[in-house]
2 protein chains.
Amino acid sequence: MTQSSEQAFLKSYNPKEYDTPIYSVDIAIFTLDQGRLKVLLVERSKHPFKGFWALPGGFVDLKKDPDIHTTARRKLISKTGVDAPLLEQVSTIGNGHRDPRHWSITTLYMALIPYAPTAEFIEAVNEARWFPIEEIEQLQLAFDHSELLKLARERLKNKTAYTVLPIHVLKRPFSLTQLQKAFELLMDTALEKKSFRRRLLNANVLKEVGEGIPDGGKGRPAALYEPADGSENHLFVRVFGD
Amino acid sequence: MTQSSEQAFLKSYNPKEYDTPIYSVDIAIFTLDQGRLKVLLVERSKHPFKGFWALPGGFVDLKKDPDIHTTARRKLISKTGVDAPLLEQVSTIGNGHRDPRHWSITTLYMALIPYAPTAEFIEAVNEARWFPIEEIEQLQLAFDHSELLKLARERLKNKTAYTVLPIHVLKRPFSLTQLQKAFELLMDTALEKKSFRRRLLNANVLKEVGEGIPDGGKGRPAALYEPADGSENHLFVRVFGD
DNA sequence: TTTATTATTGGCTAATCGCCACTATTGTCA
DNA sequence: TGACAATAGTGGCGATTAGCCAATAATAAA
């Protein structure tokens with residue numbers, strides 16, 4: 001994108017109503033792939049910020065969306081091809097400078113999704129890509145999306161310390177080692193093996209569903225688990241990690 | 001308000017833009033007075049829901065408000081006369097049925113404020129009143145404000161269990177007994193005295209600033225405290241209560 | 001059989017909570 | 001002036017849960 005074409009676009013943009021802000025929804029979609037935490041970004045095909053990478057998002061369809069959560073879900077599915085096991089609101093950011101067009105408000109959501117079911121769909125569309133989160137820090141994203149991503153990332157870290165959030169990024173069933181790895185990647189901290197297992201097992205949030213090959217293919221087979229019914233909302237009384 | 005005048009109002013309402021939702025900010029303002037948890041409500045003077053009690057709130061002033069947090073603060077001050085020591089975002093609710101006029105979105109904030117500095121101002125305006133929270137449950141509020149209040153109340157309970165939120169509803173300095181009472185009212189649970197004191201004192205979130213008369217005027221004088229610098233954001237590693 | 005590799009458990013210490021009885025300080029009142 | 005009522009504050013034990021780290025278990029490959 002060139003500076004001048006954006007200027008031209010801005011000049012031609014003429015909001016009819018000046019007393020109502022633009023409202024949109026943006027989603028930070030997280031997954032785990034190849035032992036790394038990744039985020040889905042889409043390349044903007046339109047001004048403003050044409051050509052920049054951005055969080056998936058868009059406007060409410062007043063005719064079709066019953067509520068904003070549905071808007072977020074619709075956008076999520078349109079970019080990944082599938083629904084996500086976790087989609088929740090993070091925060092709403094609104095001010096007069098985040099969008100060059102106008103006073104603008106966005107409600108930020110975060111989603112967790114296993115990698116596999118999304119891979120084929122996303123490779124087919126070339127405007128969307130999974131980025132390792134560290135790589136995004138070097139990128140200049142559209143609007144204030146770098147800050148939005150930081151907000152979602154923080155929420156993810158914090159919530160992982162007292163919930164079982166990471167069960168939503170794994171394909172099922174999973175071993176405790178895999179689950180621990182997921183916790184560690186989402187929290188960005190190493191966790192102590194025994195403490196981790198004790199915590200999860202004592203909480204009755206998992207049900208054993210057999211045994212499988214170990215992580216990495218070598219060594220003792222691991223017990224495999226799935227989330228127990230209703231465990232998604234489990235709250236630990238103590239935070240984990242330090 | 002009469003059914004027919006609301007009907008007439010709705011018939012005459014004609015939004016110019018159909019593809020953008022209404023956006024507003026609402027605030028659940030909590031205080032403690034006479035040993036009770038109270039919430040500020042305002043009586044609506046305009047349609048829709050004319051004559052109903054509602055949470056304070058309103059629209060963004062695109063000319064004056066740099067961001068939505070400022071919008072919330074402006075509304076808060078206009079109803080209470082003073083700023084609040086705690087104002088934070090709770091959640092954003094948006095759907096096609098919460099406002100009879102149009103698809104509508106609101107960002108809900110909650111505020112905590114000591115009672116005394118607000119009393120005079122609020123008694124002077126007769127469209128605003130502090131309601132004990134239990135009384136509000138019997139009331140039919142405007143729009144979906146009963147649900148919004150429930151959301152804010154839940155957030156208040158939850159956060160009180162792992163933060164020092166209640167320091168913001170007390171005038172300073174305060175005794176530990178007063179602070180415990182505040183915690184109990186905000187959490188809606190009885191707390192154990194020794195555990196409470198140990199928790200607060202060990203956390204280094206308070207500084208002693210003298211001694212004063214006991215709670216109720218009788219008995220041994222109590223040590224008085226103020227929040228220590230930076231203690232507002234203290235997070236306990238364990239939740240309290242039970 | 002040995003070894004490498006991953007999974008799982010044992011067991012001690014420390015922090016923090018629930019519980020509850022006990023002590024401390026003040027004013028009141030006979 | 002000496003009990004007593006009322007509120008503030010402490011002592012101390014058992015339970016839960018985290019950190020630590022070493023030991024044991026199961027499997028495949030050498």
Side-chain angles (χ1 to χ4, degrees), chain A residues 35 157-158 160-164 166 170 173-184 187 189-226 231 234-242, chain B residues 35 158 160-164 170 173-184 187-226 234-242:
Chain A
K157 261 186 212 180
N158 294 337
T160 301
Y162 62 95
T163 66
V164 291
L170 294 179
F174 46 77
S175 70
L176 279 179
T177 303
Q178 289 165 342
L179 186 57
Q180 178 173 348
K181 194 81 190 3
F183 269 79
E184 291 177 334
M187 290 182 69
T189 321
L191 299 176
E192 211 284 321
K193 187 171 47 164
K194 179 63 189 297
S195 303
F196 178 80
R197 304 171 76 91
R198 188 176 41 204
R199 180 175 168 100
L200 271 288
L201 260 11
N202 288 347
N204 285 323
V205 290
L206 301 177
K207 61 177 175 213
E208 203 174 334
V209 293
E211 206 177 62
I213 57 163
D215 223 39
K218 293 171 288 192
R220 174 175 172 177
L224 297 180
Y225 299 87
E226 282 183 11
S231 67
H234 181 78
L235 294 178
F236 291 96
V237 297
R238 199 202 193 282
V239 298
F240 198 55
D242 287 357
Chain B
N158 294 338
T160 301
Y162 62 93
T163 65
V164 291
L170 294 179
F174 46 79
S175 71
L176 278 180
T177 302
Q178 289 165 345
L179 185 57
Q180 178 173 347
K181 194 85 187 22
F183 269 79
E184 290 177 335
M187 289 183 69
D188 196 25
T189 321
L191 298 177
E192 211 283 323
K193 183 171 52 163
K194 180 63 190 299
S195 303
F196 178 79
R197 303 171 78 91
R198 186 175 42 202
R199 180 175 168 101
L200 271 289
L201 259 10
N202 288 347
N204 284 324
V205 290
L206 301 176
K207 62 178 174 212
E208 202 174 333
V209 293
E211 205 178 62
I213 57 162
D215 221 40
K218 293 171 288 193
R220 174 176 173 176
L224 297 180
Y225 299 88
E226 282 183 8
H234 181 78
L235 294 178
F236 291 97
V237 296
R238 198 198 192 284
V239 298
F240 198 54
D242 289 358

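First the proteins, then the strands, lettered A, B, ... as listed; each starts at 1. As the structure is a prediction and not an experimental result, all values here were calculated from the model.
- In the interface, the side chain of A/K218 is not paired with the base of D/dT27 through any donor and acceptor atom under 3.5 Å apart.
- B/F174 has its side chain within reach of B/L206: a pair of non-hydrogen atoms, C-beta onward, lies under 4.5 Å apart.
- Rounded to whole Å, the distance from CG on B/L200 to P on D/dA8 is 15 Å.
- The distance between atom CG of B/L179 and atom P of D/dG9, rounded to the nearest whole Å, is 12 Å.
- Nearest-nucleotide positions on DNA chain D for A/E211 and B/A222 put B/A222 closer to the 5' end.
- Here the side chains of B/V164 and B/L200 are in contact, with some heavy-atom distance below 4.5 Å.
- Put simply, CG on A/L191 is 16 Å from P on D/dC21, counting in whole angstrom units.
- For the pair A/K193 NZ and C/dT9 P, the computed distance is 11 Å after rounding to whole Å.
- Proximity of A/T177 to the phosphate of C/dT6: no side-chain N or O atom is located under 4.0 Å from OP1 or OP2.
- On a pure distance criterion of 3.5 Å, no polar donor-acceptor pair joins the side chain of A/R220 and the base of D/dA26.
- Here the shortest heavy-atom pairing between A/A182 and A/P166 reads CB-CB, 4.0 Å.
- Heavy atoms of other residues, nucleotides or ligands lying less than 6.0 angstrom from NZ of A/K157 number more than 12.
- Atoms CD1 (A/I213) and C1' (C/dT6) sit 12 Å apart, rounded to a whole Å.
- Of the possible donor and acceptor atoms, none in the side chain of A/S231 sits under 3.5 Å from a partner among the backbone N and O of A/H234.
- For the pair A/R197 CZ and C/dG11 P, the computed distance is 17 Å after rounding to whole Å.
- In this structure, the CG atom of B/L235 is 17 Å from the C1' atom of C/dA15, given to the nearest Å.
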Which letters describe nucleotides 14-20 of chain D, given B = protein heavy atom under 4.0 Å from base, S = only from sugar-phosphate, - = neither?
---SBBB

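- Environment of CG in A/L201: crowded, with over 12 heavy atoms of neighbouring residues, nucleotides or ligands closer than 6.0 Å.
- As a whole-Å value, the separation of B/L201 CG from C/dA15 P is 17 Å.
- A donor-acceptor contact shorter than 3.5 Å is absent between the side chain of A/E208 and the backbone of A/A223.
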